[in-house]
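So that the names make sense, note that chain A is the first sequence line, chain B the second, and so on, each numbered from 1.
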Protein chains: 2
Amino acid sequence: MILSQTEENYLKTIFKLEEKFSGSISTNAIAEMIKTTAASVTDMVKRLRTKKLVDHEKYKGTLLTKKGSAIAKNLIRKHRLWESFLVEKLNFNWDEVHDMAEQLEHIKSKILTKRLDEFLDHPKFDPHGDPIPDENGKIVYQSEILLSELKQNQTALITGVKDHSSKFLQYLETTKLVLGAKIKVLDVVDYDSSLLIQLNNKKEFRISEKVGNNLFVKSKSVI
Amino acid sequence: MILSQTEENYLKTIFKLEEKFSGSISTNAIAEMIKTTAASVTDMVKRLRTKKLVDHEKYKGTLLTKKGSAIAKNLIRKHRLWESFLVEKLNFNWDEVHDMAEQLEHIKSKILTKRLDEFLDHPKFDPHGDPIPDENGKIVYQSEILLSELKQNQTALITGVKDHSSKFLQYLETTKLVLGAKIKVLDVVDYDSSLLIQLNNKKEFRISEKVGNNLFVKSKSVI
DNA sequence: AAATATTTTTAGATAAGTCTAAAAATCCTT
DNA sequence: AAGGATTTTTAGACTTATCTAAAAATATTT
Ligand SMILES: [Mn+2]
Ligand SMILES: [Mn+2]
Ligand SMILES: [Mn+2]
Ligand SMILES: [Mn+2]
């Protein structure tokens, strides 16, 4: 089946909403994420239903079928492989690659995806710490704890970001709070929930509650 | 200016026709190359004219403007850089890469093209021997002689192909008539214009007039 | 210079994807 | 359980890109 880029983007969006919420996805949620109107979503969801890519009953919300879900996962696989390529091979920063990957994910060639994966040595995570689905669509989710959930004296590694905005990624870049960095929580300030942390056993500095709420970490003992 | 893939493909097609023929390009020639109807071409050419990408007068044919030509050359640059990437880095054969490049050439990111070019060490020719336009759109054409134009006892290197079809490239692959191979014409058969050649000072074999007419060579003395 | 053939354009239809405005269904509050 | 608010769908319009069939212009024969 040949799908348009638009159809593919809808499938990916619905998949991400299913990951985030459980149960069927509202027309409005899709419209908001894809930045279009509810009317357009209703139209598209109907088309995807006739192609057996989603289940949808009037006024009851939308869910991907097995087939739709498989396509969505393959798109996410391609997106994250291309992001890895851009960072690992073309020396881009992690905050520069999303928009390019958004285009590259639509390149249709099974063998190209396979060769790219080999070229990159079968990476398991993309530059933002997100898991790359395998050829069969299997996704190994990290047990994700927010940095803000850590208690005093706990140590952890940064494994991912919740907020993918360039602004946030650039903040992380300048403060060296990058993927794989080691963090120890020295103090939690009761008043504003800000944290005093130590980075890679060296520099100590404070981060706001907002930053702590948007960084995923893996408690060191789990590694 | 944001162009659709369709608009980009028209510009590229018109450019290639201008390279091949001189003077303005007929509606039918475009229609045939792009595999659509003359009516569709008329519509599109009108749209490209309002965008100042082509000059077109009713019944008088079409020519790219400076702007249209620059866009076309950048597309060809991207196409050939991606083909080089696929062959040099992902280990594809030269006969497998065209369709993928046909998609990849539409990825919109100036910096990505630049980084790709650096990653590949600024290649001057693609895997089929075609010149890669530089960032400014400059194309260095090879002085192209067809293998069939060589006389008895002349020696030459294979520099490119005229027929880009998979069938032909696969024929070349099996007969080892690849880019850079050295050829000596041992005999030209009057009756059917077939050639007896020697490949890389070793194997001798016969090739048909058709094959000779579709292989570009550089006479060894010119190198 | 007519007649004929070919090329090109126009006219009108169709499909994908989008929009606004209005109608219909569902959800929430009292 | 009714009334109002919100969500979702429908209706109708618009754009891009395509097609077929017919009309118009140009080119080629005779
Ligand atoms: Mn991304
Ligand atoms: Mn996308
Ligand atoms: Mn090609
Ligand atoms: Mn193309």
Can you see if the side chain of [X] gets near the phosphate of [N] - specifically, an N or O under 4.0 Å from OP1 or OP2?
X       : N      : answer
A:Thr37 : C:dC19 : yes
A:His56 : D:dT8  : no
A:Ser4  : C:dG17 : yes
A:Tyr59 : D:dT10 : no
B:Asn28 : C:dT8  : yes
B:Arg47 : D:dT16 : no
B:Ser40 : D:dT18 : no
B:Lys46 : C:dT10 : yes
B:Thr36 : D:dC19 : yes
B:Thr27 : C:dT9  : yes
A:Thr42 : D:dT10 : no

In plain terms, say whether [X] and [Y] are close enough for a salt bridge, that is, a side-chain N and a carboxylate O under 4.0 Å apart.
X        : Y        : value
B:Glu57  : B:Arg49  : no
A:Lys12  : A:Glu105 : yes
A:Asp117 : A:Arg77  : yes

[X] [atom1] to [N] [atom2], straight-line distance once rounded to whole Å:
X       : N      : atom1 : atom2 : value
B:Ile25 : C:dT8  : CD1   : P     : 11 Å
B:Lys35 : D:dT18 : NZ    : P     : 14 Å
B:Lys51 : D:dT16 : NZ    : P     : 7 Å

Checking contacts here: which listed nucleotide ([options]) is nearest the side-chain heavy atoms of [X]?
X       : options                : result
A:Met44 : D:dA21, C:dT20, C:dG17 : C:dG17
B:Ala38 : C:dC19, C:dT9, D:dT8   : C:dT9
A:Lys58 : D:dT9, C:dT8, D:dT18   : D:dT9
B:Thr6  : D:dT20, C:dG17, D:dT18 : D:dT18

**Study point:** Ring center gap for A:His164 and A:His98 short of 6.0 angstrom
**Key:** no

**Study point:** 5'-most by nearest nucleotide on DNA chain C - A:Glu7 or B:Ser26
**Key:** B:Ser26

Review point. Is the cationic atom of B:Arg115 (NZ for Lys, CZ for Arg) positioned less than 6.0 Å from the six-membered ring centroid of A:Phe92 and within 45 degrees of its normal?
Key: yes

